[in-house]
Amino acid sequence: MNILVLGGGAREHSICYAVKKSKKCNNLFCIPGNAGISEVAICKKIDLKKKKEIFNFCKKNRINLVIIGPEQYLEDGVSDYLKSKQISVFGPSKKASKLETSKSFAKKFLIRNKINTAKYKEFKSYVSARKYISSIEFPIVIKADGLASGKGVMICKNEPEAENALSIIMKKKKFGLAGNKIIIEEFLTGFEVSYFAFFDKNSFIKLGYALDHKRAYDDDKGPNTGGMGCFFPSKKMTKEIEEEIFKKILLPTSLGLKNEKLIYRGILFFGLMITKEGPYVIEYNVRFGDPECQILLRNLKTDLLTIMESNLQDKLSNINIKTDNKAVICVVLASNGYPGNFKKNKILKNLNKVKSLKGIKIFHAATSIKNGNIVSSGGRVLSITSKAKSINSARKMAYEALNKIGWEGGFFRNDIGLKNT
Ligand SMILES: Nc1ncnc2c1ncn2[C@@H]1O[C@H](COP(=O)(O)OP(=O)(O)O)[C@@H](O)[C@H]1O
Ligand SMILES: [Mg+2]
């Protein structure tokens, strides 16, 4: 098969790595890709808004399957467009993607299907939202309804913070149309898990879970980021909790999709809060999460293309997903200043030395090649994933690798996988 992966982050690099391992993979392409991806796939720069050009690229290169990484392309309808041109796409329809692209849509789906989620109210006007926050207890969580690159959620400890959040989203329109509607929900306590399963028209099958670290600095200090690392397994995730997730979250989601005739084909990510009362859904994501994808795919033993083919044919019930139950951790190397302002084009050396270390893989997130050097081109630059018998060994390996890279242009968290294990 000839495969095209859309996207250019570490998630897409890890997808390319998994696809390349498949005996079914003939030629592998990636748009736009990055410096690391270009070592495994033929990368091409095409503006992903130009759907027709992507279609032409597919025709020219006899692409048999397109795998979409980022949510934005799903919202933009790239998946629907290519499917309408008879190209096989791994990535749900624009309609089903609303489970992620509208938090209000997801909330209503969860409530209709009696799936545990934080109590909430939604507002379209600043005035009524402002009035509401003067009558409630804190903390609360305020969320822009639409996609906001992971920045549209604010946890507010008091009324002035909430007023500020409302003003940013609804008056200053920081997230544009995504903030035309907001939801205000109760604050849940517990621990968070990213849980993944493939869903088709008839059934679903678990892929696995990961625990991630969203804050920029050690001990969960500093601002929220796209994710600074993650790990598997966690001692907190007992068999009982996994069973509850199956019964209270996965099963009713699958039944809800069927009852509502919302056909979902693809990977579904459940952002869960495991509370004292059991698992609650914080959100759905309609694609692989990043960085979680990187460790899930490192533990995946079943051929990814076989899973995707079965998924698209609604034959998930025929397959068995086998995973290595090894400990895997992923540590993100980010540019100094991230998630705020940072410099680009900083040279990364020593990557070749690290690449060959046993149990280590480097997935590039934002790199490019300039004058023969690999340079940074974004906030999260690359990540190290390491696989071992225990989290402690995996941690040791990952940090040795990062110290060998010794990049002065950036930083990483030192405590990935340290707690919660
Ligand atoms: N109701 C809630 N209670 C506690 N924390 C929450 C709640 N909703 C969101 N969060 C926190 O905010 C983060 C981002 O929220 P989420 O709904 O996943 O939005 P997004 O990923 O689109 O930015 C979550 O991972 C979680 O840490
Ligand atoms: Mg989230």
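The figures that follow rest on heavy atoms only: side chains count, while hydrogens, waters and symmetry mates do not. Counting starts at 1 for both ligands and their atoms, in listed order. From a predicted model like this one, the values you see are computed outputs, not experimental measurements.
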### Nitrogen or oxygen atoms of M273 and ligand 1 under 3.5 Å apart
no
### Under-4.0 Å salt bridge between R11 and E292
no
### Summary
CG (L28) and SG (C30) are apart, to the nearest 0.5 Å, by 7.5 Å
### Task
Keeping waters out of it, list the protein N, O or S atoms under 2.8 Å from the Mg ion (ligand 2).
E283 OE2
### G150 heavy atom under 4.0 Å from ligand 1
yes
### Query
In chain order, what residues pass the side-chain hydrogen bond (donor to acceptor under 3.5 Å, both in side chains) check against E244, with sequence neighbours excluded?
K248
### Message
Would you say NZ of K83 has more than 12 non-hydrogen atoms from neighbouring residues, nucleotides or ligands within 6.0 angstrom?
### Response
yes
#### Entry: Atom NZ of K98: over 12 foreign heavy atoms under 6.0 Å
no
### Task
Quick one: which residue pairs count as a salt bridge (Lys or Arg N to Asp or Glu O under 4.0 Å) with a foot in residues 144-154, not counting sequence neighbours?
none
### Query
Applying a 4.0 Å heavy-atom criterion (strictly less than), which segment of E186 is in contact with ligand 1: side chain, backbone, both, or neither?
backbone
### Query
For ligand 1, is any non-hydrogen atom under 4.0 Å from V153's backbone (N, CA, C, O), its side chain (CB onward), both, or neither?
side chain
### Message
Just to verify, what does F105 make a ring pair (Phe, Tyr, Trp, His ring centres under 6.0 Å) with, not counting sequence neighbours?
### Response
none
